[in-house]
Amino acid sequence: MTDAHSPDNPLLTIEGLPPFDRIRAEHVEPAVRHILERTTSGIQTIEQILQDASPPTWENTIGALEELGRVWERSWSPVSHLLGVANSEELREAHESVLPDVVALGLRIRQSRPVYQALKAFRDGPDWDGLSETQQRIIDDRVRDAELAGIALSEDDQQRFNEIATRLSQLSTEFSNHVLDATKAWDLTLDDPTDVAEMPETLKQLASQSFNNQAQDQAGDGDPETGPWRFTLDVPSAMPFLQHCRNRDLRERLYLAYVTRASSAELDNAPLIDEILQLRRERAGLLGFTSFAEMSVVTKMADVPSVESMFQLLRDASWQAGLDDLEDLRSLATAHGQQQPLNHWDQAFWAERLREERFDMTDEQLRPYFPLERVLDGLFALVGRLFGISVEPADGEAPKWHADVRFFRVHDDNGAPIAAFYLDPYSRPENKRGGAWMDECLARRRVDAKLQLPVAHLICNGTPPVGTRPSLMTFREVETLFHEFGHGLQHMLTIVDYPDASGINGVEWDAVELPSQFMENWCYHRPTLLGIARHFETGEVLPEDLFEKLCRARTFRAGSLMLRQLNFGMVDMQLHHQYDPSGSETVRDVKQRIARLTSVLEPLPEDRSLCAFQHIFAGGYAAGYYSYKWAEVLSADAFSAFEDAGLDNEQAVSATGRKFRDTVLASGGGRHPMDVFRDFRGREPSPQPLLRHNGLVADPDTPAG
């Protein structure tokens, strides 16, 4: 069913799944212009009703605003999604042509004084106590968001505030496009077999396939054994290359290209970073905050001093372990004849050699045991045991944006449908941004008294199939899939019917990683992992000795990995709290200063990796990257509830899983996350399980000596 004003425009579909297979760039502007007009008229009607002395009610405030939001879920959200997974020049131009007006209308709604006054009157009125806790939180959040959108500013300040918001939205999109284009623009083609000697077969096959895909209009094909081999800055290519390439000069070449992406010529993001930080600081100042970070944490669990205390605690616990890790690599490199001082492009290579030596295990040994289909089967079996749901493929029921995309439906233990999700599993560097993420397709909500079931987008950038071989995943890719599925579970298993608080909506940002990081723990659970890991050719279960090595390797270089994440989080917080864009210190100065606190190897002068830091300059993690560690404290403690119950006790695991579903996954943004955590755990969170899981404090059950 399509809107009568434009029956042929798929972005105006109002029922069913978005028709991704039919959406084209030329549909964007006419659809969005139509929705802009309709929404403008709608907010004016709401304001008129509220001004005509009608008492504020749930229906004429939040209910009416939710209805306005529903058309954007159907029109604008698919465009934003496609920009990440099927990017094109035409789509970018269409998106940019309407973006300023979309941002302006969003501000117009949040800055509506009649709505703001009605919500405050509702909050102070006699009907307030009759609302549920979820409804009260939604209204409180709407009032707060209006204030953070500048509703109390003078006319001149509000105009400047809106100019800043529009410009920041444009800069975010431009930043992301630059990273995608810079990643796509660089490659390294090798034709000397000695340069790929001892590289894993999977990597050589991927590199050969990459060369053939690029050169399909030329005569002759590359061969995995004889070349040529094409390596890119896409993670499934770049990271294994750094781990396995024995030619140090080539490692240096690729590493420097990776850490200088989007930092030169027309794709240089450095000026954008300066402008973004300046505008964020100015916007916060207009609202009366001393820094953007102070403004940001208003919507989060933590405050800035608590974040800084966490950073210090975790750094103190990790620093010596990081120094020990570095000395291990230096000793190994020297023992194997490397005469040059250990540098950044050496770390991944020698870390992989050390892991092989210490645990007698390689990623390539594990990869054949993790074909994507088996991993999905095991993941679905796990969530069935934990949460009482079933997941069934339904590929023929959904329009898709690419042939690789899968579609699944989720049912409860009575077989009733409760949700669905898309899975886009593979890397496509030509038009898909890097990383992994979960996003909403459709939120759970009531539409004309009918329940709209939630639908999620789960996006990964894993290793694609190569030739006739299926997608064989690295163990890190398995963890990533579990992570994103955790986000998806919170979106799909919500029982909240209001879109402002269903699923991940309304959840404080530093708590939103709890379910995702919680799910990663199950990758080390024996029944779960051995239920997944079967050789794609022989069907052999992962040998017990490999499983044991995998578990022992879990804390391998944990200090270094902790310091790496602390570096990202501390740089983010420094740039958005202490840093003054008009001062003498530059952004690069800040990065280098923090690196000296968090990197046991001297920072590299050429490093420009901030220019590709999409999380904080083109994503939602500005002054919030600390959330990964903050939520990891929560998630490790949540998993320790299963350890306390007994991981080998299926009945206890199932009971604890149902409790996790009924609290953390069901509540959405309807309750404060600390209250939700207490509901599940019976107390406030402790950092000790996180440190224990990372091997940074002694396990109380492990004898000394």
Residues R367 and T463: side-chain donor-acceptor under 3.5 angstrom: yes

E201/R469 salt bridge by N-O under 4.0 Å criterion: no

Side-chain H-bond candidate by donor/acceptor type, R246 with T194, under 3.5 Å: no

Any donor-acceptor N or O pair under 3.5 Å, side chains Y626, E308: no

Six-ring centre of F349, R251 cation under 6.0 angstrom, axis tolerance 45°: yes

Residues R608 and S263: side-chain donor-acceptor under 3.5 angstrom: no

Polar contact flag, side-chain donor to acceptor under 3.5 angstrom, E606-H344: no

W229 side-chain N/O to P224 backbone N/O, donor-acceptor pair under 3.5 Å: yes

Donor-acceptor pairs under 3.5 angstrom involving side-chain atoms of residues 552-566: please list them, not counting sequence neighbours.
unit_1	atom_1	unit_2	atom_2	d
R554	NH2	N521	OD1	2.9
S560	OG	D325	OD2	2.8
Q565	NE2	Y625	OH	3.4

Under-4.0 Å salt bridge between D607 and R588: no

Donor-acceptor side-chain pairing of R261 and T183 below 3.5 angstrom: yes

Interatomic spacing from CZ in F231 to CG in D195 - rounded to 0.5 Å: 9.0 Å

Main-chain N/O of D637 paired with S640 side-chain donor or acceptor, under 3.5 Å: yes

Short side-chain donor-acceptor distance under 3.5 Å, T586 and D589: yes

Worked verdict on F475 versus Y524 for ring pair (Phe, Tyr, Trp, His ring centres under 6.0 Å): CA-CA 11 Å; F475 186 70; Y524 296 91; 5.3 Å; yes

Polar contact flag, side-chain donor to acceptor under 3.5 angstrom, Y628-H615: yes

D187-Q214 side chain donor-acceptor pair, cut-off 3.5 Å: yes

Close aromatic pair by centroid cut-off 6.0 Å: F613 and F568: yes

Modelled atom types, side-chain donor and acceptor of H487 and E513, under 3.5 Å: yes

Pairing of E225 and K204 as salt bridge, 4.0 angstrom limit: yes

Between R353 and H244, a side-chain donor and acceptor under 3.5 Å: yes

Ring pair (Phe, Tyr, Trp, His ring centres under 6.0 Å) evaluation trace for F518 with F660: CA-CA 10 Å; F518 163 81; F660 188 85; 4.1 Å; yes

E548 with R526: basic N within carboxylate O range, under 4.0 Å: yes

Presence of salt bridge, D424 and R406, under 4.0 angstrom: no

F536 and F370: CA distance, side-chain angles, deciding distance, ring pair (Phe, Tyr, Trp, His ring centres under 6.0 Å) verdict: CA-CA 7 Å; F536 79 104; F370 295 112; over 10 Å; no

Worked check of side-chain contact (heavy atoms from CB on, under 4.5 Å) between I273 and L575: CA-CA 10 Å; I273 291 174; L575 290 176; 5.6 Å; no

Under 3.5 Å side-chain donor-acceptor pair for W350 and Q338: yes

Short side-chain donor-acceptor distance under 3.5 Å, Q205 and T202: no

Nearest-0.5 Å distance that lies between atom CG in L372 and atom CG in L423: 6.5 Å

Ring geometry between F642 and W522 (parallel below 30°, tilted from 30 to 60°, perpendicular above 60°): perpendicular

Donor on one side chain, acceptor on other, Q614 and Y621, under 3.5 Å: no

Distance-only side-chain donor-acceptor flag, N269 / H178, under 3.5 Å: yes

Evaluation steps, side-chain contact (heavy atoms from CB on, under 4.5 Å), between H693 and E632: CA-CA 11 Å; H693 290 169; E632 198 173 350; over 6 Å; no

D328: partners by side chain to side chain contact (heavy atoms under 4.5 Å, CB included), with sequence neighbours left out: L354, R358

